[in-house]
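Working notes for the structure below.
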Amino acid sequence: MVNQPVSADRSNYMNHLVNQYATNYGSVGVNRMPIFTVPANQPLVPVSLASGCYGSFLSTLGNGVPIPPSAYTTNSSDEDIIISQPSTGQEWELWQATQTNGHWSACWGGGLSLGSTGVFPAPYGMSATGISYLATTITEADVASGHINHAIAMQIVNCNGYVAPADRGDCTSFVAPVLRRLLHLPTGSAGAPPEGTWFRMPQSTPMPAGLTPYAQMVFRTLQTYGAVVVDKA
């Protein structure tokens, strides 16, 4: 992401982001995700297709997913779960995942090599942009180390299209209005940042007084690595 060009609309995007902060909830969402790191010998668990969903993503899961018995999801409408297996260099991200009597199903998601670009090939993965949540979520290990050495996932209410590193999005305005209504696609907001936009705070920005140690970590990370828009939410 560090090699992406600086947008000519950066001032407009920043103003739009600040306006969203002021008018929508008084915050910008930084998501929480349950991430389970498993050993090489973690047994594989079959994952079936949830009712009413399209199953092409199952082909990216291999022979199953090494989901530990203690695993749980976000307990939200998204029911997200992330499994990381560093020993094999693989991760799996599942959306609307549920467990019933030890059997797992999901509506969407995908498997990805940890040595990849951190973006699932379209149209797979959990985020609408394909950007890995494992690569962009603040973890307990990050906090314990005192450093967040990666870009942070960010969700915004209004967006318009998508740019790299995103390889797709869910806020496009490039579809004809009639077709958009027929397909129930969300409408993009003119002038809003595209999904995949990577915001980074200038290094010269002074740290505000009174921040908690955690907030100081986030501030430094925004200066060094920034935050990338991974979803409309």
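Below, all heavy atoms of this structure are taken into account, side chains as well, without hydrogens, waters or symmetry copies.
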Which atom names give the shortest non-hydrogen contact between [X] and [Y], and what distance separates them?
| X | Y | value |
| --- | --- | --- |
| P165 | I131 | CG-CD1, 4.0 Å |
| F36 | A71 | CZ-CA, 3.6 Å |
| C171 | K232 | CB-CD, 3.9 Å |
| P66 | V38 | O-CG1, 3.5 Å |
| A166 | G196 | CB-CA, 3.9 Å |
| V45 | W104 | CG1-CD1, 3.8 Å |

Sequence neighbours left out, what passes side chain to side chain donor-acceptor pair (under 3.5 Å) with [X]? Give chain and number order.
| X | answer |
| --- | --- |
| T73 | E79 |
| S76 | T74 |
| D142 | T139, H150 |

Problem - T37 side chain to Q85 side chain, donor-acceptor N/O pair below 3.5 angstrom - result: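 Judged by distance alone, the side chains do not pair up.
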
Exercise for the section: Would you tell me whether D231 and Y133 have side-chain atoms, one donor and one acceptor, within less than 3.5 Å of each other? Expected result: yes

Taking the side chain as C-beta and beyond, is there a heavy-atom pair between [X] and [Y] under 4.5 Å?
| X | Y | answer |
| --- | --- | --- |
| M201 | F219 | yes |
| Y214 | Q216 | no |
| P193 | N160 | no |
| M33 | M126 | yes |
| Y225 | N149 | yes |
| I152 | I138 | yes |
| T129 | Y162 | no |
| E93 | I83 | no |

Exercise for the section: For Y13, check ring pair (Phe, Tyr, Trp, His ring centres under 6.0 Å) against everything at least two apart and list the hits. Expected result: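 For Y13 there are no ring pair (Phe, Tyr, Trp, His ring centres under 6.0 Å) partners, ignoring immediate neighbours.
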
Exercise for the section: Assess whether side-chain contact (heavy atoms from CB on, under 4.5 Å) is satisfied between E140 and I35, documenting all intermediate values. Expected result: CA-CA 10 Å; E140 292 182 4; I35 299 173; over 6 Å; no

Handout entry: Partner residues of V18 under the side-chain contact (heavy atoms from CB on, under 4.5 Å) criterion, sequence neighbours left out
Key =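 V18 satisfies side-chain contact (heavy atoms from CB on, under 4.5 Å) with M14 once adjacent residues are dropped.
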
Exercise for the section: For residues 38-54, pull every pair meeting side-chain hydrogen bond (donor to acceptor under 3.5 Å, both in side chains), keeping only residues two or more places apart or in separate chains. Expected result: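 Applying side-chain hydrogen bond (donor to acceptor under 3.5 Å, both in side chains) to every pair that reaches into residues 38-54, excluding sequence neighbours, yields S48-H103.
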
Handout entry: Qualifying residue for side chain to side chain donor-acceptor pair (under 3.5 Å) with E91, from S132, S84, S113
Key = S132

Looking at [Y], is its backbone amide N or carbonyl O close enough to the side chain of [X] to form a donor-acceptor pair, meaning the two atoms are under 3.5 Å apart?
| X | Y | answer |
| --- | --- | --- |
| T137 | L134 | no |
| E195 | V163 | no |
| Q155 | V230 | no |

Problem - Straight-line distance of I81 CD1 to L94 CG, nearest 0.5 Å - result: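 I81 CD1 to L94 CG: 7.0 Å, rounded to 0.5 Å.
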
Handout entry: Connected via hydrophobic side-chain network under 4.5 Å: L112 and L44
Key = no

